[in-house]
Structure formats: C-alpha cells, structure tokens
Amino acid sequence: MIEVVDLWKSFGDNHVLKGVSLTIREGETYVVLGGSGSGKTVLMKHVIGLLRPDRGSINVGGQEISKLEGKALTEARRMFGMVFQGAALFDSMTVYENVAFPLTEKGWRERLPPEEIRRRVVEKLAVVDLGEEVLERWPSELSGGMRKRVALARALVSDPRVVLYDEPTTGLDPITTDYVDGMILNAKGKLGITSMVISHDIASAFKVADRMAVLYDGHLAAEGTPEEVRQSRDPFVQRFLSLWFQKQ
Amino acid sequence: MERVKAAFEDFGRMILFAVEAVAWAFRPPFRLDLVVTQMAFIGVGSAFIVGATGLSAGMVFALQMNFALKQFAAEGYVGGSVAFSLARELSPIFTALMITGRAGSAIASELGTMRVTEQIDAMESMAVNPIQYLVVPRIIASLLMFPVLTMVFNVIGYGGGYVMGVYVARIPVGPFIEHTREFMDPADILHGLYKALVFGLLVSVITTWRGYAASGGARGVGEGTTRAVVWSSIAVLVADYVITFIAVGT
C-alpha cells in the first residue's frame, strides 16, 4: 500500500532523514517509534505529500506521491485521512463544520447533498463514541481526548484508504490514552483501514501495531513485528525499549 | 550579509506566493461566501474606525486651512483644499493604515495561529488548497473594500470639514461649496481610488504572507503580526510616493 524507498531530507544543515525505506501492507497498522526530533513527523508529511524529498521515492497505492503536483496531488490526497498531534481542528468552525469539511469542500460536481453529509458526519462521530450533542460545540469547548476523537472522525469521514496518526496519545492521561488506542484498533477492525502511526509512546505502539519500526538518527534502527523489534540487538533500540520495559 | 540574503529570499517567496494566489483566484471552486465573509470583516468591521479617522482628519484639516488661509483673506478656499487633499492623499493613506492596524494584524495573527497549530497542514491533507481557501478571499475582499472605505473616508472627512468650516469658522456656504467644485475633478477622486486599490493589494498580500509563513509557536505568530503591520505600512507609504510621482511628476 505504501512503499518508501531510500528517503533523504535535510533542512539546511539539519539532516533529518538519511535513507529511510519501509513498506506498509494493505490493512495493517504500522507504527514508527522514535524520540523527539527523530524525524517521525517529517517522514509522515512526506507520505501525504506535504513535504518533498531531497532524494528517494514514496509510492502510495501505485502512485508516486513525490512526483505529483497540483490537481493530481490534490486527488491523491483524497486517499488519506490524517490525525494531527494537536488535533488541528479549525477553531473558527463548530464540530459539525470541522467533520463535514472534507465533504463540503469537494468540487460542486462531486459534492453530496446536505442531508447525506450530515448522515455521514453523525455516523463517523458514532465510530469514535460521540453523539449529536457535540455537533454545535466549538473546539475550544472540548477536552483533549474529545478533540482527538473529533479529529479522527474528520479523518474518517471521506472513507480514506489510509489513516495517518501523528502522535495520537501525546499529552493525554492514561485512561484517554487507552481510549485512543482502542479507537485506532476499532477504526481498523470496523473499517479495515491501513494505518500509519507516528509515536514515542511505547505502550501504545506495542498495543496497536501489527508491525513497527524504530527511527533513530535519520534511519530505521529496527523493523518488524512488535516481538521482532523487542528482540532487536541495535544498541539504541535496546536502550529505548529497556527504559520502558524496566518500568513495567 | 546573511540577514540581507534572508530578506531577499523572503521577498522572493512572497512574490511567488502572490503569483500563486492570483493563479488560484481563477480556478474553481469559487468560494463567494468566503469573499463576502471577508468583505464584512475587512470592510464593515473597519467602517467605524475609518469613519472616525475621516471625521477627525476632515475637521482638523479644515481648522488648520482656515487658520492659514485667513491670513490672505482666502477662507473661502478651505472647502476646496480639504476636498482636494482628502481625495488625492489623506483618504487613501489614512484608510490603508487604519485597515492595516485593525484587519491586517488580525489576518496575520489568524493565519499565523493556523500555521503553527497545523490547521493549514490539516487543510492541505484534506485536499483543499489553503492559498485558495484562506488567502484568495482575503485578497479579493481587500481589493474591493479598500476603495469603498476610501470613499467613506472622503465623504465623512468632507462632512467634518464642512461642519468646522461653515458652523465653527463661519465661512459662508456659497464660497465653501463653489471653491470645492472649482478645485475638484472626478479624476482627483479616481486618483485616490487607484491608490486604494494598490494599497489593498499590498496590504493583503503582505499580511496573509506573514501569517502563512509564520513558524515557531506563539512568539513566531507575534513576530509575524508585527512584521505584517510594519511592512504593510512602509509599503503603503512607498507606493503612495511612487504613484504620486508617476501621476504628478516634479
């Protein structure tokens, strides 16, 4: 579904990605683990075409994303839903307007009737356990967990083939974190979506991942199933994981 | 040297941003509702401060002209000189500076906040071009509302000048109006409106760019907003000189 080959990216003298390659299969949840500033978000923004690589290629669903421009790139982005770290809800819009945004902003030829848009918004909010009572609320009136849930509903509303999660559990309490993990598993289980999760939350990563990778110093230090990554002999991976496993 | 290079790079990126905005303005979907919303924010929302400034400028200018012209027993020319100065110079300049302070700063801070909280990235990830959705309506609304508010300034400013000239300085109504007709030509009003159009373009491009290119959290948004207001004001003053020089010469 997603194939990243030899991806390089620098910002000035800061070499963020140094030859990252990975493959994400259809229907699986793939987690990229790494410390702060390791380039996880930069990697994800390449996958959706928000950043252009210095070198390498990103193939999604048979399309070379890094070479697309203009309308073709816009069309390709319809394959994706993305949940941003801080939810990135539009704070000048209500919950309804936020979730409906990907549908209301389609070209007039493919735009759905208002009642169908409302039906889909309510349906996707139900997937994340939110009822119609939140529709007219403003993002500033929601808790952190609710904002993430609304963000996921917005990512799911146009029935994407791939959902990208950028640090979905950062800044959440343990109960909400557990809830968000359940939400990711639920979205995959109910809708069969391919998911890419960027995280430094090891507990969540091991809970939701079918396969995972550890990003360190611009390259993948380990990749495989959660068990294979846990057994990795890479010194950074051992240190990164052992600190957490010792705590358990 | 590095700062000069960075400033030129930033200027170049702003020009490309403006060109991209113009290109997006002619591509569907055309979001008229967003243009109307921005016209209300930039135009209707700024009407009070523009009107108050116009009233004050017209009244003060009439009193000053009366003070100066009385020495030559030429008070009758107060109306004409107020109208002429307002139409060609004071209205477009003051209007542009007032809108920059009120709406331009809000545009830069709103887009800057959207940038640093990833709302612009989110929009792009949902296959909606943020330049077309956020920038184009603000530029079109500015191009329409700057001339309209300049006319508002003209009318209220002349009204203020009339009240001061006729009722306070006791200038007879006849000469006040007659010399206004003598001095003024529709071309004078058009000259001011052309300026307003150029100022609208400059202010909207600079303020949207500074917000769109903001980075680094709340501090970055603050810096972007300050730069937006400072550079818009300078651009308005420089453009005013250039347009006047081209139109009037030495």
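The structure displayed is predicted, hence computed values, not measured ones. Lettering follows sequence order; numbering is per chain, from 1.
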- [ ] Against chain B, label A:Met79 side chain, backbone, both or neither, depending on which of its atoms sit under 4.5 Å from a heavy atom there.
- [x] neither
Task: Segment of A:Leu89 engaging chain B (4.5 angstrom heavy-atom cut-off) - done: backbone
- [ ] Count the heavy atoms belonging to other residues, nucleotides or ligands that lie under 6.0 Å from OH of A:Tyr30, then report whether that count exceeds 12.
- [x] yes
Using distance alone, with no hydrogens and no angle check, list the donor-acceptor pairs under 3.5 Å between chain A and chain B.
from	atom 1	to	atom 2	distance (Å)
A:Lys45	NZ	B:Glu118	OE2	3.4
A:Lys45	NZ	B:Asp121	OD2	2.9
A:Asp91	N	B:Gln119	OE1	3.4
A:Asp91	OD2	B:Gln119	NE2	3.2
A:Glu105	OE1	B:Arg31	NE	2.7
A:Glu105	OE1	B:Arg31	NH2	3.0

Task: Residue among A:Leu164, A:Leu50, A:Ile48 with most heavy-atom pairs under 4.5 Å to chain B - done: A:Leu50
